[in-house]
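The block underneath contains the structure these notes are about, expressed in structure tokens.
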Amino acid sequence: MKKILILPVVLFALISCNKKKSTKVEATNGTAMVIQSPSSKDFDTIIDGKKVALYVLKNKNGVEAAFTNYGGRLVSLLVPNKEGVKTDVVIGPATIASYIACKEPYFGATIGRYGNRIAKGKFVIDGKEFTLVTNNGQNHLHGGKKGYQYVVWDVVSSNENSIVFHYYSPDGEEGYPGNLNIQVTYTLSDANEIKMDYEATTDKKTVVNLTNHPFFNLNGGGEIGNHLLTINASRYTPIDSTLISTGKLESVANTPFDFQKETTIGARIASDNEQLKNGKGYDHNFVLNRTSSQMSLAATVIGDQSGIQMDVFTQEPGLQLYSGNFMQSKNELKRNTKDNFRTAFCLETQHFPDSPNQKNFPSTLLAPGSTYKTSSIYKFSIKK
């Protein structure tokens, strides 16, 4: 593993922030629309005494991925639809001011120290109980009240195809033990892949479950119910009424959670099913069918209007499907839209929720001398 440096400042001399202009295109329904590409000036600010900026990756196919070091966020992802029209498949705010004001803190963010929920914000390591900040009712969610979505990450390096973020998470932050050194590399390949590489080391035993939280809509907007979804999972982890895993691994067979064959996201979302009632839709972890920690296909999603196909590959054992159940039109987003109910979905690669309290779940324990290392890929193409 490369040595991870603790950088006091962002290395802006290595960065080129490209200014973007609005581009008029044709929507898939034939009507004119404007895709507002990210603009550097809309992200140029200071937060917590650190410089925030926008960084744009490009490949030879004209695909563009924009990131900001505020929260290590994927801000936009422009990919061609079936008609060759660039479509922003990432839903979220348009400016850094909008991100700061947003009541939904996770749009496109790098999530940690622990993605998903930990029951009652408590877990035990070697007989010692640790208490985390609770920020989701009685539970701890996505790293706490000031998770990594609020961090201004250092930029170690950047070029047209990749960006490397670094964060030093101190011992006791949000209740977690150990000083955690984290490096996340986001790469845009000429195969239209966004690769996410995560590495971390600690000086005390701790729990780690890093992920990214993009909100996707492969049509570029509108409801996501007709998106076609396949998940390579024959089991899932049920939740209780507080959205905490029960500890069971249940079969998806004959349930609304069976996406082993291509099915629209909305086909069974209104079913009379206790689990769907608990989650107010899909907000569940799927146990991926896998025999090793090698990269494998986890899911495929197709935009019913755009024809854009997204294949998700990961080394992780789980995949969280979230169907936008808590989107309530409270936040101003790109292209003068709001976060309307179920206008985005998430597929978060991860270890299972509440693993520190579930002995039969894959372990998320990281010890000194070991390196947390995992990768995921989101690949884009046109449905054939």
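Small disclaimer: the values here were computed from a predicted structure and weren't measured.
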With a 6.0 Å cut-off (strictly less than), is the heavy-atom count around [atom1] of [X], excluding the residue itself, greater than 12?
X    : atom1 : result
D272 : CG    : no
E274 : CD    : no
N336 : CG    : no
E193 : CD    : yes

Salt bridge check, [Y] against [X]: does any charged N sit closer than 4.0 Å to a carboxylate O?
X    : Y    : answer
D354 : K120 : no
D339 : K330 : no
D258 : R268 : no
D48  : K146 : yes
K338 : E332 : yes

What class does the angle between the rings of [X] and [Y] fall in, given that below 30° is parallel, 30 to 60° is tilted and above 60° is perpendicular?
X    : Y    : value
F215 : Y322 : perpendicular
H140 : Y176 : perpendicular
W153 : Y167 : tilted
F352 : F361 : perpendicular
F216 : F345 : tilted
F259 : F286 : perpendicular

Given 3.5 Å as the limit, does a donor-acceptor pair link the side chain of [X] with the main chain of [Y], or not?
X    : Y    : value
N217 : T343 : yes
S306 : N81  : no
R73  : V75  : no
D240 : T242 : yes
N69  : D154 : no
T237 : N285 : yes

Gap separating the CG atom of D197 from the CD atom of Q315, nearest 0.5 angstrom: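 With rounding to 0.5 Å, CG (D197) is 8.0 Å from CD (Q315).
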
Taking atom CG of D42 and atom CG of L54, what is their separation to the nearest 0.5 Å?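 CG of L54 is found 8.5 Å from CG of D42.
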
Less than 4.5 Å apart, any side-chain heavy atom of Q350 and any of P353?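 Sidechains of P353 and Q350: in contact.
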
Polar side chain donor-acceptor pair, Q138 to T134, under 3.5 angstrom: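 T134 and Q138 do not have a side-chain donor-acceptor pair below 3.5 Å.
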
